[in-house]
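Following: one structure in C-alpha cells, then a few remarks.
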Amino acid sequence: MRLATWNVNSLKARLPRVEEFLGYADVDVLCMQETKLTDEAFPHLAFAALGYETVHHGQGRWNGVAIASRVGLDDVAVGFGDDLDDPYPGEARLVAATCGGVSFVNLYVPNGREVDSDFYVRKLAWLTTMQEWLDAKHSRADSVAVVGDYNVAPADIDVWDSAAFIGSTHVTPAERERIRALEEWGLTDAFRLVFPDDDRLYTFWDYRSGDFHKHHGMRIDLVMVSAPLARA
DNA sequence: ATGGTTGATGTTCAA
C-alpha cells in the first residue's frame, strides 16, 4: 500500500499537477484537501482515466476533501454524522473510505488563525470531536490511516525555527496535546517512524514571504497510522 | 514593512 496526502489549494487550479503526480508517483491512494469545489464540479472522469475511483466531500469556495483510490473505495462517510456536534458546521473537512483493506480518514483540520481566537478554540474542539468520531468508528486494532492537513506541527523539530513561531498557532501546547491524544489512542506518526530524528523536512512553506525559497517550512501534513500499519 | 501571494462564488475572504 502506497499513499499520499496533498493540500491542493483548489483542485481546479491544481488538476494538471495532480494528474502529473499520479503519472509518476505510483500511489494506490491519494488524499486531497482544499479542493475548493462543489461535488458537482469534481473531475471524477479525469481520475477515472488514470485508473482511480474517487469520492469528494465539498462545499464550493472553501475547504473540500477527496480520496482517489486504485485499490477500491467502499464504506464512504463524510463529516462527523448526526451524533456529534461539529464545531465548524457545514464545512467539508472529513471524508473516510475503505481502500485496499485500510480504513482511510482524510482530514482538513481548521487553521485556527490566531491563538485564543474563536477559530482557534473551535480548532481544538474540532480535533477533540474528530477523535470521538474516530473512537466511535474504529478500534485501535483496525488498519486505519488518519491522514491530511492537520495544521499542527507535532514538535519543535517540525518547524524551521521554533523561535519564529512563539505566539503563533500550529505549535501551541494545546494543539500538540491533540496529536498526543491521538497517539495515546493508538496512532503513530508514520513520518517520525521512518525519520525519527531528521529535521528540516517539511510539508508546507508559506507562499507569502518567499518561505519556500528560504526553506522556511513546517511539517503540518501528517500520516497517522494504527499499530497494524505501523508494524507493516 | 501588522509585510508577502494565491485562489475563489472576488472590489473581500481565507490561508
Side-chain angles (χ1 to χ4, degrees), chain A residues 4-22 30-44 46-47 54 56-68 78-80 86-95 106-127 129-130 146-154 158-172 174-176 178-179 200-223:
Chain A
T5 177
W6 187 356
N7 180 321
V8 295
N9 186 23
S10 168
L11 187 57
K12 181 182 175 189
R14 211 68 59 220
L15 184 59
R17 288 294 198 187
V18 173
E19 291 172 312
E20 176 186 40
F21 175 76
L22 290 176
L30 171 63
C31 294
M32 292 163 277
Q33 306 85 35
E34 281 206 271
T35 59
K36 297 186 175 180
L37 295 174
T38 60
D39 288 335
E40 293 72 25
F42 188 87
H44 292 282
F47 288 90
T54 39
H56 180 244
H57 176 44
Q59 63 182 95
R61 185 178 181 184
W62 290 304
N63 310 311
V65 281
I67 301 173
V78 300
F80 292 138
D86 189 341
Y88 278 82
E91 300 203 352
R93 296 180 175 278
L94 185 154
V95 62
N106 178 23
L107 309 177
Y108 176 43
V109 177
N111 176 285
R113 303 191 193 183
E114 303 292 330
V115 175
D116 293 334
S117 67
D118 170 65
F119 296 96
Y120 173 83
V121 171
R122 287 190 288 133
K123 174 185 189 176
L124 297 176
W126 195 93
L127 284 162
T129 303
M130 192 282 290
V146 185
V147 316
D149 180 350
Y150 277 72
N151 272 318
V152 179
D158 297 311
V159 298
W160 67 276
D161 178 10
S162 58
F165 289 92
I166 292 171
S168 300
T169 58
H170 297 59
V171 299
T172 64
E175 289 166 288
R176 288 173 169 173
R178 299 305 191 275
I179 306 299
R200 296 179 53 76
L201 292 173
Y202 309 123
T203 66
F204 168 81
W205 300 258
D206 199 315
Y207 45 67
R208 290 176 288 190
S209 317
D211 279 1
F212 179 78
H213 306 283
K214 294 183 277 193
H215 200 48
H216 289 182
M218 312 174 75
R219 192 175 70 88
I220 57 176
D221 301 88
L222 307 178
V223 174

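Keep in mind the model is a prediction, meaning the values are calculated, not measured. A note on names: the letters A, B, ... follow the listed sequences, proteins ahead of strands, and every chain is numbered from 1. Quick note: numbers below take in every heavy atom, side chains included, and nothing from hydrogens, waters or symmetry partners.
Residues A:Trp126 and A:Leu107 have side chains in contact (heavy-atom distance under 4.5 Å, counting atoms from C-beta outward).
Side-chain atoms of A:Thr203 come within 3.5 Å of backbone atoms of A:Asp221 as a donor-acceptor pair (strictly under, hydrogens ignored).
B:dA8 and B:dG4: their P atoms are spaced 22 Å apart (whole Å). The P atoms of B:dT12 and B:dA1 are separated by 28 Å, rounded to the nearest whole Å. B:dT5 and B:dT9 have their P atoms separated by 23 Å, given to the nearest Å. Straight-line distance between the C1' atoms of B:dG3 and B:dA15: roughly 15 Å, to the nearest whole Å.
Between the CG atom of A:Asp206 and the P atom of B:dG7 there is a distance of 14 Å, given to the nearest Å. Remark: C1' of B:dG3 and CG of A:Asp211 are 12 Å apart, rounded to the nearest angstrom.
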How would nucleotides 9-15 of chain B be written as a contact map, 5' to 3', with B for base contact, S for sugar-phosphate-only contact and - for no contact, using protein heavy atoms under 4.0 Å? BS-BBSB
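In this view, A:Ser10 and A:Lys12, A:Ala13, A:Lys36 satisfy the side chain to side chain contact (heavy atoms under 4.5 Å, CB included) rule, not counting sequence neighbours.
When each of A:Val8, A:Asn7, A:Thr35 is tested with A:Arg14 by the rule side chain to side chain contact (heavy atoms under 4.5 Å, CB included), just one qualifies, namely A:Val8.
Classified by interplanar angle (parallel below 30°, tilted 30° to 60°, perpendicular above 60°), the ring pair A:His56/A:Phe42 is parallel. Between A:Trp160 and A:Phe165, the two ring planes are perpendicular [angle over 60°; tilted spans 30° to 60°].
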